[in-house]
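Heads up, the thing below is written out as structure tokens.
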Amino acid sequence: MKSSELRQSFLSFFESKQHQVVESSSLIPSNDPTLLFTNAGMVQFKDVFLGADQRPYSRATTSQRCVRAGGKHNDLENVGYTARHHTFFEMLGNFSFGDYFKQEAIGYAWEFLTEVLGLPKDKLLVTVYAEDDEAYAIWKNEIGLPEEKIIRIGDNKGSRYASDNFWAMGDTGPCGPCTEVFYDHGEHIWGGPPGSPEEDGDRFIEIWNVVFMQYNRSANGDMANLPKPSVDTGMGLERIAAILQGVHSNYEIDLFQNLIKATAQVVGTDDLSSQSLRVIADHIRSCSFMIVDGVVPSNEGRGYVLRRIIRRAVRHGNKLGQKQVFFHKLVEALDVEMGDAYPELRKLKDRVASILLKEEEQFAKTLDQGMRILEEAISDLGDSKVIPGETIFKLYDTYGFPADLTNDVAREAGLDIDEAGFEAAMNEQRARARSASNFSMDMSNSISVDGQTEFTGYSYLEGQSPVEQILVDGDTVTSLSQGQKGLVVLAETPFYGESGGQVGDQGWLRGPAAVKVTNTTKQGKVHLHHVEVREGTLNLGDVVTTEVDRSLRNATALNHSATHLLHEALRRVLGDHVLQKGSLVNSERLRFDFSHFEGLTAAELEQVEDMVNEQVRLNHETVTEVMDIEAAKAKGAHALFGEKYDSQVRVLTMGADYSIELCGGTHVKRTGDIGLFKIVQESGIAAGVRRIEALTGKAAIDATRQTEVSLSKIASLFKSSKEAAFDKVAGLNDQARSMQKEIDVLKAKLAAQAGADLSSQATDINGGKLLVAQVEIEDPKGLRDLLDRLKSKLESAVILLAAVNDGKVSLIAGVTKELTSKVKAGDLIKMAAPYVDGRGGGRPDMAQAGGSKPEGVAEVLAIVPDWVNERV
């Protein structure tokens, strides 16, 4: 069975069992900022399991793409050297949200494995948590497995419930026992069953894990039964494909074999067994899908992980003899293998290839040089078998050569690396790449609200409703008195609950009491009104009149509608790769974050602004329709990838099909209501993510008027018209530049004279001259220029200069080429800097440091001569 057929077979099987087929979510988790990448199928359903989200279905099945290449779950260094480690893999899963439990979950797993896939029953064995007698009984009595095929796994990690067969979402929250299915590859492969001393062997391979979310663990460790036990399962597509295709290594399955053959062709090798081909074939999957989901190479966070993987792939191509760019060419082969299952890859494959090419070209400039330096360092090791941490850090810091590439080269040469030394030098950079990756949530503090609030705010801004629930600090109360704050739940409300980037409504609840609504949020399908009682007492059951602040709502609607027009304008000007990455819409302004790899030019910003304002002037009607999700997609509606939508969705169309998006927010009736759209700022907020801030309506008019006022003041200051103000300012700017050049020339002359005077103060050392002096120079550039002149004049010398300005110390050291074998400027600076409470470094011929202790300068100048003379 091909991998693509297996994927579809799994989804179809569970669809036949009344499971909703849910698309894979983004590799960037939308509901957990502490998680670097989506690393399991349950991530997109985390809020459902926690009770913070409700879906229109209670059963789901997915083929979720996952990455484990950063943070807690990092398989990068093993990829290519083992049979089953990958940076990217697909997790097949079925989920029950308070629907079926152990009996059905185990039954479905066994039916799919043995009846649909036809795996021999005698090749399968299972594990259960030692205390889970229920699961054990199901396997034994209902499935019919013999006792020797059911292995109880106890608490093997030091405390109760700390077991390989007990799963927890975090230190607190949902948790429970799990049962795992293993496949026996045969006696000819070394290894023992789970729980045995030889369990790390490759004979018995886990293929399916079924987690029973049965308990809720509190902060004190108490376990309480969940009111709606749930099921979370996972089966690696690559692992089960290997079994069905009769191979032992995941890299031998059809999907990888096709990628490996394509890789061999682009790098120019016939050796299809090369581990480097495996590495590259794995890496093109993770890199391509990261870029599809908006990650771009950078030096921090997810972008840094992506850059490391790209560079590792390029290095392995280089190792195979390919010195030209090649990695980006594999996107086409990946599309052939996975584009049908993941149409977003097919849609964005040109952009993916473009970003990979750009990164390849950048790294190619440094790869050869880095490899030469590493090879020289290895040849200089002598009898040592360890590459020093200082060398590893230098390769990374100076040449952009990731440490795992150095580790790869070391492993191939039979060497070790000085990890401790490298980590000491790289602590700050390493921390950027190893973000925390743990769930941590205390369920005991969450607010518990049930039911559903009927939202009437699309049509009305006023209404009446009984008070159904009042909460203070998470506890239910019966009343709120004057001055008290709390949360109020109504049966129906016109107040929009904060979501989709739009802030919550404000206003009043009036009745027996006057209650100010300061914000409105949502939990599931319940609207929570954040209130403060201004007069009287609000009681449970009171019927209140609801009044939304009309001016705030209307101003917010202008900005929200403009956001949709802006999104479409960006796509038309920049390309279809533009995806919304976040937004904030309130009554004052709009903020829109989107994926794009570089800043917008002035011309692009003008084009976007003009396009939006053209739609405003056309004054098209805003049309909203409710339809099923498939009909919305057929209509061409844009959805936020990774967002969760009900089966029935609200589709917003603006400007004669100019913009069609899924949106539950509030909007203008006609585009002309927006009045004016004005971009006030464009900036980068993260690697590959840009932000536009803009104004609409009166706020945009006020901003434009303020610009006019400022221009008038500038014109008045220079006694010119507004039209001539630019020329006046430009003339003054040119005059200032000319004067600065004259100042720089005069400074150079003074510095030259100072250099001549200083050179006469140099003393003789073995092989040249030594000059140590404090100078009166204000800027770092002047200090460097003086050093260069002194090195040229003295020809063979060691020089240390110190300058003090505004309580800050600048040190600079220079050593001419003839003396760097004896004295290195970097070592001199490292010795001197602590005396002025500073730090610094540099090259053997030039190094700098800054400090904050001027009184230490005299001591530095006094000790340098002896330090230098000891070395020359």
Side-chain angles (χ1 to χ4, degrees), residues 555 558-559 562-563 565-566 569-570 573-574 584-594 596 598-617 672 674-685 690-754 776-786 803-808 810 850:
L558 301 185
N559 286 325
T563 300
L565 299 178
L566 169 63
L570 288 168
V573 172
L574 304 178
L584 175 63
V585 180
N586 58 27
S587 60
E588 298 175 354
R589 63 173 55 205
L590 66 90
R591 189 181 75 197
F592 187 75
D593 300 339
F594 58 97
H596 189 55
E598 58 189 351
L600 275 68
T601 65
E604 288 171 333
L605 286 171
E606 184 175 331
Q607 189 178 355
V608 168
E609 193 173 80
D610 286 348
M611 195 173 288
V612 173
N613 280 312
E614 180 183 13
Q615 293 300 316
V616 171
R617 290 192 301 274
I674 295 170
L676 176 67
F677 173 81
K678 181 66 180 174
I679 295 175
V680 294
Q681 185 173 356
E682 189 273 343
S683 61
I685 61 168
R690 310 296 301 178
R691 170 174 291 173
I692 281 181
E693 297 180 61
L695 303 173
T696 61
K698 186 176 184 302
I701 295 172
D702 290 344
T704 303
R705 182 179 293 120
Q706 183 58 49
T707 300
E708 286 289 319
V709 170
S710 297
L711 183 57
S712 295
K713 289 181 179 179
I714 293 171
S716 175
L717 185 64
F718 293 106
K719 296 181 173 58
S720 72
S721 64
K722 288 188 290 186
E723 291 74 19
F726 174 81
D727 292 336
K728 282 280 190 179
V729 174
L732 283 173
N733 190 47
D734 290 341
Q735 184 179 346
R737 286 178 179 174
S738 177
M739 294 174 67
Q740 184 61 49
K741 289 181 180 178
E742 293 180 15
I743 292 171
D744 290 342
V745 170
L746 292 173
K747 281 186 175 182
K749 289 180 179 179
L750 290 173
Q753 182 60 47
E776 301 294 330
I777 292 182
E778 296 180 0
D779 62 289
K781 183 179 182 303
L783 200 58
R784 289 193 297 271
D785 290 344
L786 176 57
V804 178
N805 293 292
D806 297 325
K808 302 293 184 182
S810 297

Just jot down the ring-ring contact (aromatic ring centres under 6.0 Å, His included) partners of Phe677, sequence neighbours excluded, or say none. none
Can you name the side-chain contact (heavy atoms from CB on, under 4.5 Å) partners of Thr601, sequence neighbours left out? Ala603, Glu604
Taking side chain to side chain donor-acceptor pair (under 3.5 Å) as the definition, give me every residue that meets it alongside Glu682, ordered by chain and number, with sequence neighbours left out. Arg690
According to side-chain contact (heavy atoms from CB on, under 4.5 Å), who are the partners of Asn805, at least two apart in sequence or on a separate chain? Glu778, Ala803
Set of residues satisfying side-chain contact (heavy atoms from CB on, under 4.5 Å) with respect to Leu732, sequence neighbours excluded: Phe718, Gln735
Atom pair CG (Asn586) and CD (Glu588), whose distance is rounded to the nearest 0.5 Å: 5.5 Å
Please collect all salt bridge (charged side-chain N to carboxylate O under 4.0 Å, His left out) contacts where either partner lies in residues 718-740, sequence neighbours excluded, each pair once. Glu708-Lys722
Only pairs at least two apart or in different chains count here, so list each side-chain hydrogen bond (donor to acceptor under 3.5 Å, both in side chains) that has a residue in residues 694-706. Asn559-Thr696, Lys698-Asp702, Asp702-Arg705
With sequence neighbours left out, the residues meeting side chain to side chain donor-acceptor pair (under 3.5 Å) with Asp785 are Lys781
Ser716: what forms a side-chain contact (heavy atoms from CB on, under 4.5 Å) with it, not counting sequence neighbours? none
dist Ser683:OG -> Leu600:CG (nearest 0.5 Å) comes out at 11.0 Å
Does Arg591 have any side chain to side chain donor-acceptor pair (under 3.5 Å) partners at least two apart in sequence or in another chain, and if so, which? none
Qualifying residues under salt bridge (charged side-chain N to carboxylate O under 4.0 Å, His left out), relative to Glu693, sequence neighbours excluded: Arg589
Any chance you could measure Leu676, atom CG, to Leu558, atom CG, to the nearest 0.5 Å? 11.0 Å
With sequence neighbours left out, write down each residue that passes side chain to side chain donor-acceptor pair (under 3.5 Å) with Asp593, or none if nothing qualifies. Arg691
Interatomic distance, CZ@Phe592 vs CG@Leu566, rounded to 0.5 Å, equals 5.5 Å
